[in-house]
Amino acid sequence: MRLEFDVATRLTPDEIYDFFRTPAEWPRLFPAFGAVSVGDDGWFKVAMHRSPFPLVAKNTADEPGQRVAWDLRGFWKGDGEVRFEATAAGTRVTGHEEISLPHLLGLGGLLEKWAEPRFAAVWEGGWRRLRRMDPPS
(Lines give C-alpha, C1' and ligand atoms only; values in the text may rest on other atoms or scores of the structure.)
Protein backbone atom coordinates (compact mmCIF):
# COMPACT_ATOMS: atom_id res chain seq x y z
CA MET A 1 0.00 0.00 0.00
CA ARG A 2 1.21 3.50 -0.74
CA LEU A 3 -0.04 6.54 1.13
CA GLU A 4 0.75 9.98 -0.28
CA PHE A 5 0.17 13.34 1.32
CA ASP A 6 0.37 17.04 0.61
CA VAL A 7 -0.39 19.21 3.64
CA ALA A 8 -0.12 22.95 4.27
CA THR A 9 0.61 24.48 7.67
CA ARG A 10 1.59 27.87 9.04
CA LEU A 11 4.43 26.28 11.03
CA THR A 12 7.99 26.69 9.75
CA PRO A 13 9.91 23.85 8.07
CA ASP A 14 12.21 23.63 11.12
CA GLU A 15 9.24 23.27 13.49
CA ILE A 16 7.81 20.41 11.43
CA TYR A 17 11.19 18.76 10.95
CA ASP A 18 11.44 18.37 14.75
CA PHE A 19 8.57 15.83 14.61
CA PHE A 20 10.46 13.67 12.10
CA ARG A 21 14.12 13.98 13.25
CA THR A 22 14.03 10.37 14.45
CA PRO A 23 11.26 7.80 14.87
CA ALA A 24 11.50 8.55 18.62
CA GLU A 25 9.82 11.90 17.88
CA TRP A 26 6.86 10.45 15.97
CA PRO A 27 4.54 9.99 19.01
CA ARG A 28 4.71 13.76 19.62
CA LEU A 29 2.77 14.26 16.38
CA PHE A 30 0.93 11.00 15.84
CA PRO A 31 -1.53 10.05 18.61
CA ALA A 32 -1.66 6.46 17.29
CA PHE A 33 1.92 5.84 18.43
CA GLY A 34 3.04 4.96 21.92
CA ALA A 35 6.31 4.11 23.65
CA VAL A 36 9.52 4.06 21.64
CA SER A 37 12.57 1.93 22.33
CA VAL A 38 15.96 2.21 20.66
CA GLY A 39 17.28 -0.93 19.06
CA ASP A 40 20.49 -1.83 17.31
CA ASP A 41 22.24 0.35 14.74
CA GLY A 42 19.79 3.25 14.86
CA TRP A 43 16.60 1.19 14.55
CA PHE A 44 13.65 2.29 16.71
CA LYS A 45 10.62 0.24 17.79
CA VAL A 46 7.55 2.47 17.81
CA ALA A 47 4.52 0.96 19.54
CA MET A 48 1.26 1.34 17.65
CA HIS A 49 -1.97 1.48 19.62
CA ARG A 50 -4.31 -1.37 18.65
CA SER A 51 -1.54 -3.34 16.95
CA PRO A 52 0.59 -6.13 18.42
CA PHE A 53 3.31 -5.27 15.88
CA PRO A 54 5.40 -2.12 16.38
CA LEU A 55 6.86 -0.13 13.54
CA VAL A 56 10.59 -0.82 13.38
CA ALA A 57 12.07 2.22 11.66
CA LYS A 58 15.40 3.83 10.89
CA ASN A 59 16.09 7.14 9.20
CA THR A 60 17.92 6.82 5.88
CA ALA A 61 18.07 10.53 5.02
CA ASP A 62 18.16 13.55 7.27
CA GLU A 63 18.27 17.05 5.82
CA PRO A 64 17.20 19.40 8.64
CA GLY A 65 14.29 21.60 7.66
CA GLN A 66 14.10 20.02 4.19
CA ARG A 67 13.62 16.25 4.13
CA VAL A 68 13.56 13.07 6.20
CA ALA A 69 13.34 9.51 4.84
CA TRP A 70 13.11 6.17 6.65
CA ASP A 71 12.96 2.42 6.13
CA LEU A 72 10.67 -0.03 7.91
CA ARG A 73 11.54 -3.63 8.72
CA GLY A 74 9.94 -6.40 10.72
CA PHE A 75 6.25 -7.15 10.31
CA TRP A 76 5.61 -3.82 8.56
CA LYS A 77 8.13 -3.44 5.73
CA GLY A 78 8.61 -0.40 3.54
CA ASP A 79 9.86 3.14 3.41
CA GLY A 80 8.67 6.69 3.69
CA GLU A 81 9.71 10.28 3.15
CA VAL A 82 8.55 13.76 4.06
CA ARG A 83 9.74 16.96 2.37
CA PHE A 84 9.32 20.45 3.79
CA GLU A 85 8.91 23.37 1.40
CA ALA A 86 8.80 26.90 2.82
CA THR A 87 5.89 28.93 1.44
CA ALA A 88 4.70 32.49 1.98
CA ALA A 89 2.07 31.12 4.41
CA GLY A 90 4.31 28.59 6.23
CA THR A 91 5.23 25.14 4.97
CA ARG A 92 4.02 22.61 2.45
CA VAL A 93 4.66 19.02 3.62
CA THR A 94 4.68 16.39 0.88
CA GLY A 95 5.67 12.78 0.93
CA HIS A 96 4.68 9.17 1.06
CA GLU A 97 4.84 6.00 3.05
CA GLU A 98 4.88 2.64 1.32
CA ILE A 99 4.14 -0.40 3.45
CA SER A 100 3.98 -4.04 2.54
CA LEU A 101 2.70 -6.84 4.69
CA PRO A 102 3.84 -10.44 4.88
CA HIS A 103 1.90 -12.77 2.64
CA LEU A 104 0.71 -15.05 5.39
CA LEU A 105 -0.86 -18.02 3.63
CA GLY A 106 -1.87 -15.75 0.76
CA LEU A 107 -3.64 -13.28 3.05
CA GLY A 108 -1.30 -10.34 2.32
CA GLY A 109 -3.77 -8.65 -0.02
CA LEU A 110 -6.60 -8.93 2.51
CA LEU A 111 -4.34 -7.64 5.29
CA GLU A 112 -3.37 -4.64 3.18
CA LYS A 113 -7.02 -3.80 2.48
CA TRP A 114 -7.67 -3.97 6.21
CA ALA A 115 -4.54 -1.97 7.15
CA GLU A 116 -4.65 0.81 4.55
CA PRO A 117 -7.48 2.88 6.10
CA ARG A 118 -5.89 2.42 9.52
CA PHE A 119 -2.51 3.76 8.35
CA ALA A 120 -4.27 6.59 6.51
CA ALA A 121 -5.99 7.44 9.82
CA VAL A 122 -2.60 7.47 11.59
CA TRP A 123 -1.33 10.10 9.16
CA GLU A 124 -4.57 12.10 9.29
CA GLY A 125 -4.41 12.13 13.10
CA GLY A 126 -0.94 13.65 12.85
CA TRP A 127 -2.02 16.25 10.31
CA ARG A 128 -5.00 17.23 12.50
CA ARG A 129 -2.66 17.67 15.46
CA LEU A 130 -0.30 19.73 13.28
CA ARG A 131 -3.14 22.02 12.13
CA ARG A 132 -4.13 22.62 15.77
CA MET A 133 -0.57 23.89 16.38
CA ASP A 134 -0.81 26.45 13.58
CA PRO A 135 -0.23 29.97 14.89
CA PRO A 136 -3.06 32.42 14.21
CA SER A 137 -2.88 34.07 10.82
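Among residues two or more places apart in sequence or in another chain, the salt bridge (charged side-chain N to carboxylate O under 4.0 Å, His left out) test is passed with Glu81 by Arg67, Arg83. With sequence neighbours excluded, the residues that form a side-chain hydrogen bond (donor to acceptor under 3.5 Å, both in side chains) with Arg28 are Glu25. Judged as a salt bridge (charged side-chain N to carboxylate O under 4.0 Å, His left out), and not counting sequence neighbours, Asp14 has no contacts.
The six-membered or imidazole ring of Phe5 lies near that of Trp127, with a centre-to-centre distance under 6.0 Å.
For Asp134 and Arg131, the salt-bridge test fails: no basic side-chain N is under 4.0 Å from an acidic carboxylate O.
Here the CZ atom belonging to Phe44 is positioned 13.0 Å from the CG atom belonging to Leu72, to the nearest 0.5 angstrom. For the atom pair CG (Leu11) and CZ (Phe84), the distance works out to 11.5 Å, reported to the nearest 0.5 Å.
No donor-acceptor pair under 3.5 Å is formed between the side chain of Thr9 and the backbone N or O of Thr91. Not a single donor-acceptor pair under 3.5 Å links the side chain of Trp76 to the backbone N or O of Val56.
Screening residues 1-12 for salt bridge (Lys or Arg N to Asp or Glu O under 4.0 Å), with sequence neighbours left out, gives Arg2-Glu4, Arg2-Glu98, Asp6-Arg92. Sorted by first then second residue, the side chain to side chain donor-acceptor pair (under 3.5 Å) pairs that include residues 41-62, not counting sequence neighbours, are Tyr17-Asp62.
Applying the 4.5 Å side-chain rule to ILVMFWY residues, one finds that Trp114 remains a lone member of its cluster.
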